[in-house]
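These notes are about the structure you will find just below.
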Amino acid sequence: MEDSPVKLTKRGSVAILQIDRESRRNALSRETLLAFGRLGRECVADNDVRAIVITGAGDKAFCAGADLKERQGMTPDDVRVQVGLYRSELSVLDHSPKPVIAAINGVAFGGGLELALVCDLRVASSTAELALPETTLGIIPGAGGTQRLPRIVGEARAKEMILLGRKLTAQQALEWGLVNRVAPEGADLLEDVLNWILPIANGAPIAQSAALRAIDTSFDTTLDLGLELERVFYDETLRSSDRLEALRAFAEKRKPVFTGK
Ligand code: COA
């Protein structure tokens with residue numbers, strides 16, 4: 001059996017999922033998608049994990065998209081099944097109650113950018129490039145790109161990227177709001193990301209999760225219903241001992257120590 005194409009390591013309360021297929025520029029094969037599903041479920045179920053970082057091996061590619069070598073010779077039905085795997089296997093990360101962060105260490109093309117779009121936050125290395133070139137290959141983004149990209153960068157910019165196959169540099173992606181941050185030139189991206197997300201790693205998990213779900217809900221609802229749902233999510237935090245710990249810490253002029261309870 002092939003070694004897992006995705007490696008799980010932990011740094012404190014942060015789980016790191018690294019695509020380990022550098023020789024194929026971390027392209028998404030069937031096994032890679034299945035590994036994301038399996039390891040994603042493991043991370044979400046692990047009470048010690050407060051955030052999940054997704055990255056790729058090496059410094060050239062975060063992920064070059066679908067494994068085009070594997071796809072050669074696939075029938076349309078095979079491709080349909082494969083495209084279905086993006087939805088079924090990445091959905092645990094998409095709906096993760098813990099923040100998921102993409103550390104984009106190089107090119108993120110096609111399904112690779114779509115994987116990053118599933119994440120809640122995106123940090124790019126200064127040399128990263130981002131694109132959805134599918135229409136230049138006679139297909140369209142099939143792993144959520146046509147739906148998630150316009151929600152993040154707006155309709156006009158999403159159409160520009162998808163119809164022109166436009167490639168963005170990390171800096172342009174930052175200007176368009178497609179990534180939250182670009183790591184300083186020459187910096188170790190993973191260390192930069194781990195440092196940047198310290199407020200999450202050391203934060204109050206019940207509040208983090210409630211905030212994530214409240215924000216995600218806002219895209220699927222009216223403002224009135226969204227405000228009602230916000231009240232329900234707020235209520236979850238009222239029942240947590242972490243809320244009381246934050247109040248105690250404030251009174252005692254110290255940093256709170258959150259336990260996730
Ligand atoms: N699927 C499978 N293998 C891939 C791949 C993919 N999506 N992308 C790259 N590879 C393989 C190459 O075939 C090559 O293998 P080889 O050494 O057996 O020839 C190896 O990875 C290195 O690729 P190379 O092009 O030499 O590396 P690079 O660093 O110069 O460029 C990319 C990397 C990702 C920019 C370039 O390979 C590329 O544009 N790939 C296609 C990406 C794409 O169109 N994805 C969207 C699919 S919808």
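Both ligands and their constituent atoms are indexed starting at 1 by order of listing.
The shortest contact between atom 7 (N) of ligand 1 and any protein heavy atom is with Ala66 O, 2.9 Å. The nearest protein atom to atom 5 (C) of ligand 1, hydrogens excluded, is given as Arg24 O, 3.8 Å; this is a heavy-atom distance. Annotation: atom 35 (C) of ligand 1 to nearest protein heavy atom, Phe109 CE1, 3.7 Å. For atom 41 (C) of ligand 1, the closest non-hydrogen atom of the protein is Leu68 CD1, 4.3 Å. Among protein heavy atoms, atom 9 (C) of ligand 1 sits closest to Arg25 CG, 3.8 Å. Nearest protein neighbour of atom 42 (C) of ligand 1, counting heavy atoms only, is Ala64 O, 3.4 Å. Counting protein heavy atoms only, atom 15 (O) of ligand 1 is closest to Lys69 NZ, 3.0 Å.
Looking at Arg157 and Glu175, no side-chain N of the basic residue comes within less than 4.0 Å of a carboxylate O on the acidic one, giving no salt bridge. Looking at Lys10 and Asp48, no side-chain N of the basic residue comes within less than 4.0 Å of a carboxylate O on the acidic one, giving no salt bridge. For the pair Asp77 and Arg80, the salt-bridge criterion is met [side-chain N within less than 4.0 Å of a carboxylate O]. Taking a cutoff of 4.0 Å between a charged side-chain nitrogen and a carboxylate oxygen, Glu70 and Arg24 do not qualify as a salt bridge. Using a 4.0 Å cut-off between a side-chain N of Lys or Arg and a carboxylate O of Asp or Glu, Asp235 and Arg239 qualify as a salt bridge. Ionic pairing of Glu155 and Lys159 is present here: one or more N-O contacts between side-chain nitrogen and carboxylate oxygen are shorter than 4.0 angstrom.
Using a 4.5 Å cut-off between side-chain heavy atoms of Ile, Leu, Val, Met, Phe, Trp and Tyr, with links allowed through other members, Ile104 and Leu121 fall into different hydrophobic clusters.
Between Asp67 and the choices Arg21, Arg30, Arg25, the side chain to side chain contact (heavy atoms under 4.5 Å, CB included) rule is met once, by Arg21.
Few gaps surround CZ on Arg71; more than 12 heavy atoms of other groups in view lie less than 6.0 Å from it. Around NZ of Lys60, the count of heavy atoms belonging to other residues, nucleotides or ligands within 6.0 Å does not exceed 12.
Contact between Ala61 and ligand 1 is absent, with no heavy atom of the residue lying under 4.0 Å from the ligand. The shell of residues lying under 4.0 angstrom from ligand 1, judged by heavy atoms, excludes Ala131.
Atom 27 (O) of ligand 1 is flagged as protein-proximal [any protein heavy atom, distance under 4.0 Å]. Atom 38 (C) of ligand 1 is never approached by the protein to below 4.0 angstrom, counting heavy atoms only. The nearest protein heavy atom to atom 18 (O) of ligand 1 is closer than 4.0 Å.
Ligand 1 places these atoms under 4.0 Å from at least one heavy atom of Val107: 34 (C). Close contacts of ligand 1 with Leu137, meaning ligand atoms under 4.0 Å from a residue heavy atom, involve 47 (C), 48 (S). Under a 4.0 Å criterion applied to the non-hydrogen atoms of Lys60, ligand 1 contributes the atoms 29 (O).
On a distance-only criterion, Ile139 and ligand 1 share no N/O pair closer than 3.5 Å.
With atom 11 (C) of ligand 1 as the reference point, the heavy atom nearest to it among Ser23, Gly111, Gly106, Gly145 is part of Ser23. Distances from atom 2 (C) of ligand 1 to the heavy atoms of Ile140, Asp67, Thr135 show the closest one on Asp67.
Side-chain contact annotation: Arg87 with Ser91, donor-acceptor N/O pair under 3.5 Å absent.
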